[in-house]
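Proteins get letters first, then strands, A, B, ... in listed order; numbering begins at 1 in each. What you are looking at is a predicted structure, and each value in this text was computed from that prediction instead of being measured.
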2 protein chains.
Amino acid sequence: MKKKITIKDIAKVANVSIGTVDRVIHNRGKVSEKALQKVNDALKELDYKANPLARSLKNNVVYAISILVPDPQKDSYWLPCQQGIMEIITEYEAFDVDISVHYFDPSESESFSQVGARLIRKSPDAVLFVPLFERESDVLLRKLNKKGILSATFNSMPRNHVDQHVGQDLYLSGRVGAKLISDFLDPSTSKIGIVHIDEAFNNAIHMQQKEEGFKSFYETYAAKYDIFTKTINTDNIHSTLLDFIESHGVNVFFVTTSKTYEVARTLELLNKNGIVVGYDLLQENIKYLTEGKIQFLIHQAPRMQASLSLKSLVEKLLFKKEYPKKQFLPIEIINSENVKSYL
Amino acid sequence: MKKKITIKDIAKVANVSIGTVDRVIHNRGKVSEKALQKVNDALKELDYKANPLARSLKNNVVYAISILVPDPQKDSYWLPCQQGIMEIITEYEAFDVDISVHYFDPSESESFSQVGARLIRKSPDAVLFVPLFERESDVLLRKLNKKGILSATFNSMPRNHVDQHVGQDLYLSGRVGAKLISDFLDPSTSKIGIVHIDEAFNNAIHMQQKEEGFKSFYETYAAKYDIFTKTINTDNIHSTLLDFIESHGVNVFFVTTSKTYEVARTLELLNKNGIVVGYDLLQENIKYLTEGKIQFLIHQAPRMQASLSLKSLVEKLLFKKEYPKKQFLPIEIINSENVKSYL
DNA sequence: TAAAAAAATGTGTACGTACACACAAATTTA
DNA sequence: TAAATTTGTGTGTACGTACACATTTTTTTA
């Protein structure tokens with residue numbers, strides 16, 4: 001049975017006191033050449049690893065983390081993200097972290113700025129947020145960097161420097177959508193439409209990167225297809241969609257947002273068959289997926305994104321554990337069968 | 001900023017000593033009715049949560065965990081599993097766990113029994129293993145249960161009682177394969193073959209459950225297909241496969257093991273096109289997937305299975321954290337595009 | 001009612017680390 | 001060479017929990 005090496009063991013081997021060992025480890029000087037040498041040798045020889053438990057027990061500051069995410073009440077896409085956060089809060093309940101969650105309205109950028117400014121005033125140790133609005137996020141991020149507050153994002157990635165990010169490769173996810181669709185294509189009858197449905201142009205970067213990825217796939221693909229693109233952001237989604245479908249005869253759809261069900265519903269109303277590939281495991285999307293009216297969904301794993309990013313942040317503060325600056329989650333393909341294993 | 005509640009706080013509020021609080025928490029008696037009441041009230045009122053760091057720091061036993069997994073040198077499918085284990089070992093390096101890994105030859109059941117018997121003799125606190133051989137696993141499991149050693153499995157599930165299990169729903173994964181294939185089927189030309197390729201009948205349960213799931217899908221499916229099944233376990237895989245393909249005219253394949261590339265290779269040699277759906281992200285499978293000679297792979301996430309099961313075990317011992325007895329990982333669908341996000 | 005026994009309660013120490021402080025050794029200065 | 005300084009080194013205490021042991025209080029017995 002392996003015994004764990006402590007500073008005491010090092011002290012004994014190097015024939016000095018634990019105080020000296022401690023000074024060497026934290027290199028805060030006041031150590032003679034000779035002692036330094038001996039301690040460093042012992043450190044290496046015994047392969048010393050500090051006990052993170054004892055370390056963080058001693059370190060009795062309570063870290064404050066503020067989280068800024070879209071209100072799940074306004075857009076149910078954010079519900080799993082909230083769950084992921086709550087899961088981590090429970091997990092670290094007994095530790096020295098104080099995590100507070102703040103919500104903004106995903107349809108109003110001022111809401112984001114307001115809540116963001118408010119929570120920054122309390123000078124937390126770290127801020128985790130979803131940079132839904134490009135400009136406002138950059139403002140927030142600049143403030144955070146200036147104040148030396150640790151910053152982290154998930155879902156989308158800001159242009160500015162951020163200390164940690166968890167997300168998906170959106171360009172590649174567009175390519176995945178293209179590949180999935182390609183298996184159904186028939187050069188003589190298929191007409192492809194890319195549909196962006198988002199209430200307030202929030203996900204501009206998101207949608208654009210997915211579209212680029214999608215199109216890039218067909219550039220290297222044997223048969224060429226005309227690809228029609230439609231951006232829908234108002235309330236009369238149905239009439240706009242109807243018009244789009246009828247005017248171009250589109251029958252194959254790649255929907256870049258979680259509102260995929262809107263296309264499936266419109267096709268249902270029109271009593272038309274079509275191929276629909278879109279995003280996210282919303283209740284309504286799953287319903288159409290199960291009924292065979294959506295062929296595939298790409299899972300952006302909001303729950304996992306939220307929990308992984310929060311966890312990374314917590315462990316970085318608590319245990320000085322280092323995570324890669326950018327963590328990309330796999331792009332998960334969901335059909336009517338494996339969806340059951342995701343619930 | 002929230003202050004964490006300690007037994008000291010409880011003692012102060014209940015107006016007793018920390019010793020009394022401690023006795024209440026661990027209910028080892030010797031506490032008067034009155035004191036018990038007061039302490040319990042304080043405990044509830046302040047919502048006390050023990051600090052797991054301090055707790056496990058104090059608890060200075062070193063837990064021993066023995067792991068019994070197939071040798072990745074004999075079958076490269078187990079390489080990621082080994083990596084997942086190593087990852088967790090590194091993560092908990094500084095903690096009071098002593099994890100030792102032992103390998104058995106996946107083609108020889110005696111090897112499993114032998115190594116299993118050897119490691120059980122050291123009476124570890126927990127044993128994590130892959131129950132590749134049904135009978136031998138049950139023997140091992142019975143010994144573990146008798147000796148009161150914590151048992152855990154992953155990959156396949158033994159019939160006998162096991163304290164913890166991480167795996168995938170194999171029946172459902174068969175259905176997922178069926179669904180993926182169904183999108184390519186043409187009632188007039190398609191002939192479906194289920195192929196089990198395994199060197200030594202190890203994965204009997206695995207393969208059977210997948211086959212059942214696969215077939216169940218087509219029972220409720222509109223068009224009926226003849227489904228041919230072939231089990232290949234010898235070395236002359238190619239000739240057997242060749243014969244199978246030619247004699248039935250099979251052109252759509254569901255391969256239930258990681259040897260999926262064998263079918264793709266045979267088709268390549270025959271210069272035939274076919275639909276191939278199989279399992280696992282082996283180097284060779286990925287090659288054929290990228291070349292379009294395998295349409296989909298189902299990812300069994302051996303790395304994740306190994307790391308999750310080991311992690312659960314470690315945290316159960318170290319922090320008394322409770323995990324669900326059975327954890328099922330999602331069934332992940334891989335095509336030529338999203339495979340990049342898995343590497 | 002005093003002594004003995006039992007029950008209840010409190011105190012001290014350890015886990016491994018971090019840091020303040022006291023002390024000892026080596027230098028510098030007078 | 002003694003005193004003053006600088007540098008190096010060791011000791012003690014705290015973090016929060018767990019448990020052994022000492023002490024106090026209550027109950028039982030003679």
Side-chain angles (χ1 to χ4, degrees), chain A residues 2-40 42-43 46-63 92-97 317-321, chain B residues 2-40 42-43 46-63 92-97 317-321:
Chain A
K2 219 165 32 182
K3 222 198 81 192
K4 300 286 158 176
I5 305 299
T6 73
I7 44 171
K8 230 168 164 174
D9 299 313
I10 303 295
K12 208 181 293 168
V13 170
N15 201 34
V16 293
S17 73
I18 58 164
T20 303
V21 175
D22 179 69
R23 272 180 292 266
V24 173
I25 290 171
H26 298 85
N27 52 258
R28 37 182 147 81
K30 314 219 167 184
V31 176
S32 68
E33 280 291 323
K34 221 173 57 184
L36 184 80
Q37 190 61 47
K38 284 193 296 181
V39 172
N40 272 330
L43 242 31
L46 300 186
D47 188 32
Y48 170 78
K49 297 266 160 51
N51 183 331
L53 296 183
R55 181 166 275 182
S56 84
L57 176 63
K58 187 63 190 61
N59 182 57
N60 58 340
V61 289
V62 176
Y63 292 104
Y92 291 95
E93 195 164 39
F95 291 80
D96 287 338
V97 269
L317 290 173
L318 232 42
F319 309 127
K320 312 279 170 266
K321 197 165 157 184
Chain B
K2 221 164 27 183
K3 221 198 80 191
K4 300 287 159 174
I5 304 300
T6 74
I7 44 171
K8 229 165 161 177
D9 298 314
I10 303 294
K12 208 181 293 167
V13 169
N15 200 34
V16 293
S17 73
I18 58 163
T20 303
V21 175
D22 180 69
R23 273 181 291 266
V24 172
I25 289 172
H26 299 86
N27 52 259
R28 35 183 147 82
K30 312 217 167 184
V31 176
S32 68
E33 280 291 324
K34 221 172 58 186
L36 184 80
Q37 189 62 47
K38 282 193 296 180
V39 171
N40 273 330
L43 242 31
L46 300 187
D47 188 32
Y48 170 78
K49 297 267 159 50
N51 183 332
L53 297 182
R55 181 167 276 180
S56 82
L57 177 62
K58 187 63 191 65
N59 181 59
N60 57 341
V61 289
V62 176
Y63 292 104
Y92 290 96
E93 195 165 36
F95 291 79
D96 288 337
V97 270
L317 290 173
L318 232 41
F319 308 126
K320 313 276 171 265
K321 198 166 157 183

- Note on the structure: In whole angstroms, the gap separating P of D:dG16 from CG of B:Asp9 amounts to 8 Å
- Message: In whole Å, I'd like the distance from the NZ atom of B:Lys58 to the P atom of C:dG16.
- Response: 10 Å
- Message: Side-chain N or O of B:Ser32 versus OP1/OP2 of C:dT9: is the shortest distance under 4.0 Å?
- Response: yes
- Item | A:Phe95 backbone acceptor or donor facing B:Lys49 side chain under 3.5 Å | no
- Task: For A:Tyr48, report the nucleic acid contact type (base, sugar-phosphate, nothing); a contact means any heavy atom under 4.0 Å.
- Result: sugar-phosphate
- Query: Of the nucleotides C:dG16, C:dG10, D:dT17, which one has an atom closest to the side chain of B:Ser17?
  - Reply: C:dG10
- Interatomic distance, A:Lys8 NZ vs C:dA14 P [rounded to whole Å]: 8 Å
- Message: Please pick, from D:dC15, C:dC21, C:dG10, the nucleotide with the shortest atom-to-atom distance to any side-chain atom of B:Arg23.
- Response: C:dG10
- Query: Whole Å only: how far is the CG atom of B:Asp22 from the P atom of D:dC21?
  - Reply: 15 Å
- Task: Could you check how far CG of B:Leu53 sits from P of D:dA18, rounded to whole Å?
- Result: 12 Å
- Could you tell me the separation between the CD atom of B:Gln37 and the P atom of C:dT9, rounded to a whole number of Å? 13 Å
- Query: Does atom NZ of A:Lys321 have more than 12 heavy-atom neighbours from other groups under 6.0 Å away?
  - Reply: yes
- Query: Any idea which of C:dA18, D:dT9, D:dC19 is nearest the B:Arg28 side chain?
  - Reply: D:dC19
- Ignoring hydrogens and angles, tell me if any N or O in the side chain of A:Lys38 forms a donor-acceptor pair with the backbone of A:Ala11 under 3.5 Å. no
- To the nearest Å, how far apart are A:Ile10 CD1 and D:dG10 C1'? 18 Å
- Task: Can you figure out which of C:dG16, D:dT17, C:dA8 approaches the side chain of A:Thr6 most closely?
- Result: C:dG16
- Query: If you check the A:Ala50 side chain, which of C:dT17, D:dT17, C:dC15 turns out closest?
  - Reply: C:dT17
- Query: Nearest-Å distance, CD1 (A:Ile25) to P (C:dT17)?
  - Reply: 7 Å
- Task: Taking all heavy atoms of A:Asp96 and all of A:Ser56, pick out the closest pair and write down the distance.
- Result: OD2-O, 4.3 Å
- B:Asn40 side chain to B:Gln37 main-chain N or O, any donor-acceptor pair under 3.5 Å? no
- Task: Looking only at side-chain atoms of A:Thr20, point me to the closest of C:dG10, C:dT17, D:dT9.
- Result: D:dT9
- Report the nucleotide, chosen from C:dT9, D:dA18, C:dT17, that has the shortest atom-to-atom distance to any side-chain atom of B:Ala35. C:dT9
- Note on the structure: The residue, A:Gly19 or B:Lys30, whose nearest nucleotide of DNA chain C is more 5′ is B:Lys30
